[in-house]
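Inspection log for the structure reproduced underneath, given as structure tokens.
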Amino acid sequence: MFEYIRNHRTLIQILMGLVILSFVLVGGNSAFKADNSDTDVADVGGKKITQRELDDEIRRQMEQSRARAGDRFDPKVFETNETKQAILENLISERALEAEIKKGHLTVGDAALQKQIGEIGAFKKPDGSFDMDQYKLALGNQGMTPQMFDARMRRDLALQQLNSAVGSTAFAPRSVATRLAEIVDQEREVQEQLFPATGFIAQVNVTDDMVKAYYDKNAAQFQVPEQLKVEYVVLDAAAVESQVSVDDAEVAAFYEKSKDSLTTPEQRFSSHIMINVKKDASAAEKAAAKAKAEAVLAEVRKTPANFAAIAKAQSQDVTSAEVGGDLGLAEKNGFASPEMEAAVFKMKQGEISDVLASDFGFHIVTVTKLVPAVVKTLDEAKPQIVAELKKQKMSKKYAELAELLTNTVYEQADSLKPAADKLKLQIQTADNLTRTPSPALGVAPVNNAKFLKAIFADDTLKNKRNTEAVEVVPGTFVAGRVVQYKPAAKKPLLDVAAAIRQTVTQEEAVKLAKKAGEATLAAVKASGDAAGFGDVKSVNRSKPSGLHPLVVAEVLKADVSKLPAYVGVEVPGAGYGIYRIGKVSQPEANPARRSAMIDEINGAMGQADMAGYIEALKAKAKTKLLKKPVVTADAK
């Protein structure tokens with residue numbers, strides 16, 4: 001079971017992370033090689049997964065990782081076949097699960113969906129309330145509508161339901177779980193004798209033939225992909241905004257037409273005292289509550305200045321009672337109770353209401369302060385009006401310029417200058433572009449899969465004609481042309497010889513360290529001698545005591561039927577080490593920790609069950625892998 005989990009850990013972790021906004025704020029680059037982004041890479045139940053979908057998923061996960069890791073982000077993680085295969089497997093698994101969800105009619109209700117969206121941290125203000133503006137901005141940046149977002153959330157929540165239904169049924173027999181927990185807790189006393197590779201470098205003599213042999217054997221390491229130097233123009237919001245203006249006459253006209261929207265309505269501060277009544281209260285209970293409210297009203301009318309003190313003592317609305325019944329500032333349509341709202345907005349400041357009935361009980365209300373309606377002056381409203389008019393003009397102007405750019409780069413395809421002059425755009429240059437986006441270039445308009453597909457097209461590449469106007473992200477068009485083409489080539493041996501010499505020197509030093517270590521290992525196995533070993537360290541699976549994880553793994557799986565036991569390990573980045581195991585002990589079990597460990601084991605079994613279930617669904621859907629991921633030359 002655990003071997004299965006280890007071998008499929010990446011897939012399982014990806015599947016467990018499907019839910020809750022995995023698709024917000026994405027972008028990035030793809031490391032898959034594809035001449036046609038619409039090539040089918042897999043078939044799940046007759047539904048294809050295209051290269052474009054695969055590229056998008058790689059970019060999404062890459063940018064998620066970049067956002068989480070910050071400066072520690074390593075794009076090389078996404079250049080391995082293992083990672084790429086896991087991402088493809090994830091897409092296949094999603095499709096198989098989606099088919100099962102549809103077949104089983106699993107749904108997520110509106111209330112559950114709204115609650116889940118409301119709990120997303122990216123959509124919250126500092127005070128914890130929902131930020132509608134941020135919500136719309138985040139979706140807009142990804143070209144998503146709320147409907148698209150809701151559909152994706154419903155799907156992910158349904159996946160979570162299915163995952164929980166399958167995974168929560170798994171459990172390990174207590175005897176098995178206990179034995180596994182004992183293995184995890186077991187400690188071994190270890191001494192280390194290290195043979196550092198650095199100590200053998202002086203003995204290494206790397207010849208030119210050895211450098212050449214390494215160069216020939218590892219040719220792929222030194223491949224440089226075909227590259228382009230290009231010039232390009234960008235049409236985006238900033239370029240459009242610079243070409244629209246708003247004059248004072250337009251502002252004044254808009255102001256006169258829009259005074260209603262520029263008016264802050266009348267608002268009122270109010271306080272109340274509430275006597276609760278249950279919805280299913282009897283007539284007698286309601287009468288008793290009303291009588292109590294009448295008595296409190298009589299007390300308030302005697303000493304109106306003591307309203308806040310009486311509210312603290314008598315009101316059964318716990319939240320407002322603590323602040324003297326204060327309900328804060330509200331405008332019309334801001335009350336949960338229409339009866340209270342009607343009373344508040346017809347009363348004068350300082351006036352006290354009669355007893356009011358609502359769905360919540362009985363209320364006594366007073367208005368503590370009036371805030372009259374205010375109409376912004378023209379000067380006050382001018383920035384807001386200018387922004388709105390610019391927005392309207394930009395929308396129209398953007399459509400005009402996009403059409404003009406499209407037509408000009410096509411009709412005058414041998415130069416970008418006509419388009420740049422007509423649209424008042426700057427011609428920019430970029431170098432070292434490859435067929436797939438490069439992490440080294442970051443997020444740039446030309447470092448985009450759609451643009452790269454266009455610029456590497458035969459007509460553009462061979463004839464140095466303009467590309468079409470490519471919409472790389474919503475609202476941003478890019479057109480470019482090739483300035484210089486560099487074909488794929490292998491770096492000359494002379495350029496990489498020094499780096500190869502260092503690598504080979506290190507490899508040969510490690511071989512010498514290993515040879516010396518193995519000789520010593522054979523000797524101490526025969527003698528049982530502890531001479532030359534360091535201090536005793538106590539090691540278990542959660543306490544490595546400074547040893548490399550690979551060393552810990554070898555020490556803990558060593559045969560300890562006869563002590564002392566010895567293990568030799570090639571230590572990555574260090575050399576070779578031999579390890580003397582002198583004692584094995586089983587600490588007394590910690591009940592709380594043991595229980596948590598058993599829960600973790602059950603969870604792992606649940607994940608394994610879920611992975612097995614997914615494999616069964618994939619087989620049921622007759623899944624076919626149509627194309628395998630490969631490491632491109634530029635990704636190395």
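The figures here come from the full heavy-atom set of this structure, side chains too, leaving out hydrogens, waters and symmetry mates.
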Problem - Side chain N448, main chain V472, donor-acceptor under 3.5 Å - result: yes

Handout entry: Where A197 and V510 come nearest, the two heavy atoms and their spacing
Key = CB-CG2, 3.8 Å

Handout entry: Partners passing side chain to side chain contact (heavy atoms under 4.5 Å, CB included) against Q502 (at least two apart in sequence or in another chain)
Key = none

Practice task
Determine which pairs satisfy side chain to side chain donor-acceptor pair (under 3.5 Å) with at least one residue from residues 475-496, sequence neighbours left out, and list them in order.
Solution key: E226-Y485, N466-R481

Fill in the blank from the handout: By salt bridge (Lys or Arg N to Asp or Glu O under 4.0 Å), E468 pairs with (sequence neighbours left out) none

Practice task
Check whether any side-chain heavy atom of V478 sits under 4.5 Å from a side-chain heavy atom of V233, and report yes or no.
Solution key: no

Handout entry: K229 and D431 ion-paired at < 4.0 Å
Key = no

Completion exercise
Those residues at least two apart in sequence (or on a different chain) that pass salt bridge (Lys or Arg N to Asp or Glu O under 4.0 Å) with R95 are E53

Problem - Nearest-0.5 Å distance that lies between atom CG in D236 and atom OH in Y398 - result: 8.0 Å

Problem - Q85 side chain vs E89 backbone, donor-acceptor pair below 3.5 Å - result: no

Exercise for the section: State, with a plain yes or no, whether a side-chain heavy atom of P572 is found less than 4.5 Å away from one of H548. Expected result: yes

Fill in the blank from the handout: Sorted by chain and number, sequence neighbours left out, side chain to side chain contact (heavy atoms under 4.5 Å, CB included) with S545 holds for K537, V539, K543

Problem - Any donor-acceptor pair under 3.5 Å from T460 side chain to A454 backbone - result: yes

Problem - Minimum-distance pair of heavy atoms, taken over all atoms of V409 and A419 - result: CG1-CB, 3.9 Å

Practice task
State, yes or no, whether a side-chain contact exists between I500 and L493 at a heavy-atom distance under 4.5 Å.
Solution key: yes

Practice task
Output the distance between atom OG1 (T83) and atom CG (L88), rounded to the nearest 0.5 Å.
Solution key: 12.5 Å

Practice task
Please name all residues satisfying side-chain hydrogen bond (donor to acceptor under 3.5 Å, both in side chains) with E570, sequence neighbours left out, ordered by chain then number.
Solution key: none

Handout entry: Test log, rule side-chain contact (heavy atoms from CB on, under 4.5 Å), inputs L228 and F456
Key = CA-CA 9 Å; L228 299 180; F456 274 94; 3.6 Å; yes

Practice task
Look up atom CG in L425 and atom CZ in F477, then write down how far apart they are to the nearest 0.5 Å.
Solution key: 12.5 Å

Exercise for the section: Go through the structure and list residues passing ring pair (Phe, Tyr, Trp, His ring centres under 6.0 Å) with F222, not counting sequence neighbours. Expected result: Y215

Exercise for the section: Please confirm whether the backbone N or O of G480 pairs with a side-chain atom of T467, one donor and one acceptor, at under 3.5 Å? Expected result: yes

Practice task
Please answer whether the main-chain N or O of Y214 pairs with a side-chain N or O of N218 as donor and acceptor at a distance below 3.5 Å.
Solution key: yes

Handout entry: Residues that E403 engages under side chain to side chain contact (heavy atoms under 4.5 Å, CB included), provided they are two or more places apart
Key = N407

Handout entry: T503 vs T505 side-chain heavy atoms within contact, under 4.5 Å
Key = no

Problem - Criterion side-chain contact (heavy atoms from CB on, under 4.5 Å) on N540 and Q186, from CA distance to verdict - result: CA-CA 6 Å; N540 65 23; Q186 186 187 89; over 6 Å; no

Exercise for the section: Working to the nearest 0.5 Å, report the span between CG of N447 and CG of N432. Expected result: 11.0 Å

Exercise for the section: Please examine the side chains of E57 and I87, heavy atoms only from C-beta on, and report whether any two atoms are closer than 4.5 Å. Expected result: yes

Problem - Any residue meeting side chain to side chain contact (heavy atoms under 4.5 Å, CB included) with A574, in chain and number order, not counting sequence neighbours - result: V571

Handout entry: Which atom of Y232 lies closest to which atom of A430, heavy atoms considered
Key = CE2-CB, 3.9 Å

Problem - Residues that K511 engages under side-chain hydrogen bond (donor to acceptor under 3.5 Å, both in side chains), provided they are two or more places apart - result: E508

Problem - From L441 atom CG to L433 atom CG, the distance as rounded to the nearest 0.5 Å - result: 6.0 Å

Handout entry: Donor-acceptor contact below 3.5 Å, side chain R188 vs main chain A558
Key = yes

Exercise for the section: Determine whether V470 and K453 make a side-chain contact, defined as any pair of heavy atoms from C-beta on separated by less than 4.5 Å. Expected result: no

Fill in the blank from the handout: Rounded to the nearest 0.5 angstrom, the CG-OG1 distance for L452 and T434 is 6.5 Å

Handout entry: Flag side-chain contact, heavy atom, 4.5 Å: L461 against I455
Key = no

Exercise for the section: Could you go through the side-chain contact (heavy atoms from CB on, under 4.5 Å) check for I92 and N90 one step at a time? Expected result: CA-CA 5 Å; I92 292 170; N90 178 38; over 6 Å; no

Problem - Results of salt bridge (Lys or Arg N to Asp or Glu O under 4.0 Å) for D216 - residues two or more places apart only - result: K212

Handout entry: Any residue meeting salt bridge (Lys or Arg N to Asp or Glu O under 4.0 Å) with R465, in chain and number order, not counting sequence neighbours
Key = D459

Practice task
Indicate the atoms forming the closest heavy-atom contact of A449 with P437, along with that distance.
Solution key: N-CG, 3.9 Å

Practice task
Report yes or no: does T406 contribute a side-chain atom to a donor-acceptor pair with the main-chain N or O of A402 at less than 3.5 Å?
Solution key: yes

Problem - pair L556-V552: side-chain heavy atoms closer than 4.5 Å - result: yes

